[in-house]
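The chains referred to below are lettered A, B, ... by the order of the sequence lines, with proteins before strands, and numbering in each begins at 1.
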Amino acid sequence: MSTSTTDSTAAERLGIRAHSDGPVVRASAAPASFVPVQTRSERFASVHHADFAEVTGFEAEWKLTPVDRIRSLIDGELDGSAYAIMYPEVEGTTVEWIPRDDPRIGTAGTPEERASANAWTNFDNALLIDVSGEVETALTVTRSTLGDAPRAGHTIITAQPNSSALVVLDSRGGATLTENVEILLAEGAHLTVVSLQEWDAPALHLASHFARIGRNAQLKHFVVSLGGSVVRVNPSAHLAEEGSDTELFGVYFADADQHLEQRVYVHHDAPHSRSRVTYKGALNGHGARTVWVGDVLIAHSAPGTDSYEQNRNLVLSEGTRADSIPNLEIETGDIVGAGHASATGRFDDEHLFYLQSRGITEEEARRLVVLGFLSEIIQKIGEPVLEQRLLAALEAELRAVA
Amino acid sequence: MSTLKITDLKVSIETDQGTKHILKGVDLTLNEGEIHAVMGPNGSGKSTLAYTIAGHPRYKVEGGSIELDGENVLAMSVDARARAGLFLAMQYPVEIPGVTVSNFLRTAKTAIVGEAPAIRPWTTTVREAMKNLRMDNEFSARNVNEGFSGGEKKRHEILQLELLQPKFAVLDETDSGLDVDALKIVSEGVNRAHDTTGLGILLITHYTRILRYITPDFVHVFVDGRVAEEGGPELAERLENEGYDRFLVDQPAGA
């Protein structure tokens, strides 16, 4: 078993401008030389697949990802057509497919890597979910029949001024999918987005979420990854206007040979913005692999920023690996707070002995520890039916452990 | 009348240097309500006895028996022993990430009793027990032993002792690392459990200090995996004055 944790360097704590990402290939550079990226905001971005250099697997963006398992998504031909979705009618929401030249598309963010750009280059229609007014009922949009052929997807979620809603993107069945999700919060909007990856075991799924958060708006965002072979969901939140706020949560449970990755990016770009990032994961079985990278950039334009990010991993068996890499980049000293934490620990025989010595059975002891650890995130969703369902899904994962 | 009967107990552990025989034939009988102190120098096998009673997998029983009211304890799993009425207050309790004290206590009580305690009276009981041990209320929201000070860990062990109400408790060097105030508070808790539930106690200690607060009925001196001498409380006083030297004449230092 190997676990790794990384914490802030002294330079980062002192706010010295040096990003800890390694070198990446700049596609625009004519000679194939490595140019270190100085700041996350200057990372190369394009919607065109061809603008990105070939992926070798050594790039900072890819070096922790099993790129050979996802070549078809990075470079392959993709089916970009609309797919079947299921959703209930919920007053105050509309769900529809829109053409790729719709002006709303491309306003939240731009791909920063080749698989994301491949999706952008190839999608024909985008799924639009619009929220207006105060929506009490959760809107769950389910896709479960994507099939195994490589696909491109594009989703755009728009929250109108002062609207509030909870939107669940529920993914099941088989998939070989690379996609982009844009999330736009207008002034005063309060939106919760839950991205649920409950794919079948062989599924491959790469996703980039780009959120733009307006004045006094708040985004709560959850990435819940349980099923799939390689699942990489990278949420970024652009705190673009004064008083914008985001809470980014994640929970993941990696079984044998499963790769679950999340690269989070929070860009504080306006005064008095606030962010909290909390990701928790469990790993069990040989080859279970998780990656969490948390980048936070506090720009010159963001005095009064309040930011904290953390990642916790619980290792349940031998033969697993958890990478946990927080990066904090601070361009202004005028902030309320900025911190990060990372810890990876294991559930071992001494835990078991302690709990059993209090009368608790072995099976119950494992259940107690893992559910206690992960349910902290689930409980933040604030939708009891969904929370119960996810806790049951975690219980099912645990039964596989016992 | 409950009885914990240990007969000719022989225990070894596996080390890098091969099998090491630690207990070499221990006889000890505890009756309900009795307080036995087990004293002895480092390495004499005191903690091995404690962990063997609880069933820690590291300790291999080579011979002898442990019986609780005639039931074969050695055939029971760790959790079955606890449910049968045995409790071990550990010297170094481990941190359990992600499990709050309140969740842990309720789960343990449910496991021991066989059904979940009614929430309101249970909450009151826990709060009262914590107050007695001068534990702050916010304690129950913390993860088990995570970031606890040495004294907090020991209080938390005794809190469990009082709440789970076992028949017999083994206290493994509960006094170590405690200042006088904490030692008094912890000892009060042990005495409360003894007085209210008729708890039988096996008090393992290196020092006589805790015996000022918890009065033993019997004292057993452990040397080299055997009981070298037995007596009443006066034996503890003698050890206080003379130390363990007279038991060690035939032993290499630190054995």
Fill in: CG/B/Asp69: more than 12 non-hydrogen atoms of other groups inside 6.0 Å
yes

Worksheet item: Does any heavy atom of chain B fall under 4.5 Å from the side chain of A/Glu350, the backbone, both, or neither of them?
Response: both

Discussion item. Quick check: do B/Phe104 and A/Leu355 have side-chain heavy atoms less than 4.5 Å from each other?
Written reply: yes

Discussion item. If you compare all heavy atoms of B/Val94 against all heavy atoms of A/His351, which two are closest, and at what distance to 0.1 Å?
Written reply: CG2-CD2, 3.8 Å

Practice prompt. Pick one of side chain, backbone, both or neither for B/Asn143, based on which atoms fall under 4.5 Å of a heavy atom in chain A.
Written response: neither

Item to complete: Give, as side chain, backbone, both or neither, the part of A/Leu371 having an atom under 4.5 angstrom from any heavy atom of chain B.
Response: neither

Worksheet entry | Minimum-distance pair of heavy atoms, taken over all atoms of B/Ala111 and A/Gly359 | CB-O, 3.2 Å

Worksheet, complete the sentence: Heaviest contributor of heavy-atom pairs below 4.5 Å to chain A, chosen from B/Thr100, B/Thr107, B/Leu164, is B/Thr107

Worksheet item: Is atom CD of B/Glu71 surrounded by more than 12 heavy atoms (other residues, nucleotides or ligands) closer than 6.0 Å?
Response: no

Fill in: Listed partners of B/Glu34 passing side chain to side chain contact (heavy atoms under 4.5 Å, CB included), at least two apart
B/Asn31, B/His36, B/Asp217, B/Phe218

Worksheet item: Quick one: side-chain hydrogen bond (donor to acceptor under 3.5 Å, both in side chains) partners of B/Ser176, sequence neighbours excluded?
Response: B/Lys154

Practice prompt. Would you list the pairs meeting side chain to side chain donor-acceptor pair (under 3.5 Å) in which at least one residue belongs to residues 72-86 of chain B, sequence neighbours left out?
Written response: A/Gln356-B/Asp79, B/Ser77-B/Asp79, B/Asp79-B/Arg83

Worksheet item: Which residues, numbered in order, of residues 219-230 of chain A come under 4.5 angstrom of chain B by heavy-atom distance?
Response: none

Worksheet item: Which atom pair, heavy atoms only, marks the closest approach of B/Ala82 to A/Arg358?
Response: CB-C, 3.8 Å

Worksheet entry | Between CD on residue B/Glu95 and OH on residue A/Tyr354, distance to nearest 0.5 Å | 11.0 Å

Item to complete: Any chance you could lay out the side chain to side chain contact (heavy atoms under 4.5 Å, CB included) test for B/Val99 and A/Phe373, step after step, and finish with the verdict?
Response: CA-CA 7 Å; B/Val99 180; A/Phe373 181 74; over 6 Å; no

Worksheet item: Is B/Glu115 atom CD crowded by more than 12 heavy atoms from other residues, nucleotides or ligands, each under 6.0 Å away?
Response: no

Worksheet entry | Best-contacting candidate, A/Leu352, A/Leu314, A/Leu368, A/Val369, against chain B by heavy atom pairs under 4.5 angstrom | A/Leu368

Worksheet item: With a cut-off of under 6.0 Å to the ring centre and 45° to the axis, is B/Arg58 in cation-pi contact with A/Phe353?
Response: no

Discussion item. I'd like to check A/Ser357 versus B/Val78 (side-chain heavy atoms, cut-off strictly below 4.5 Å). Are they in contact?
Written reply: yes

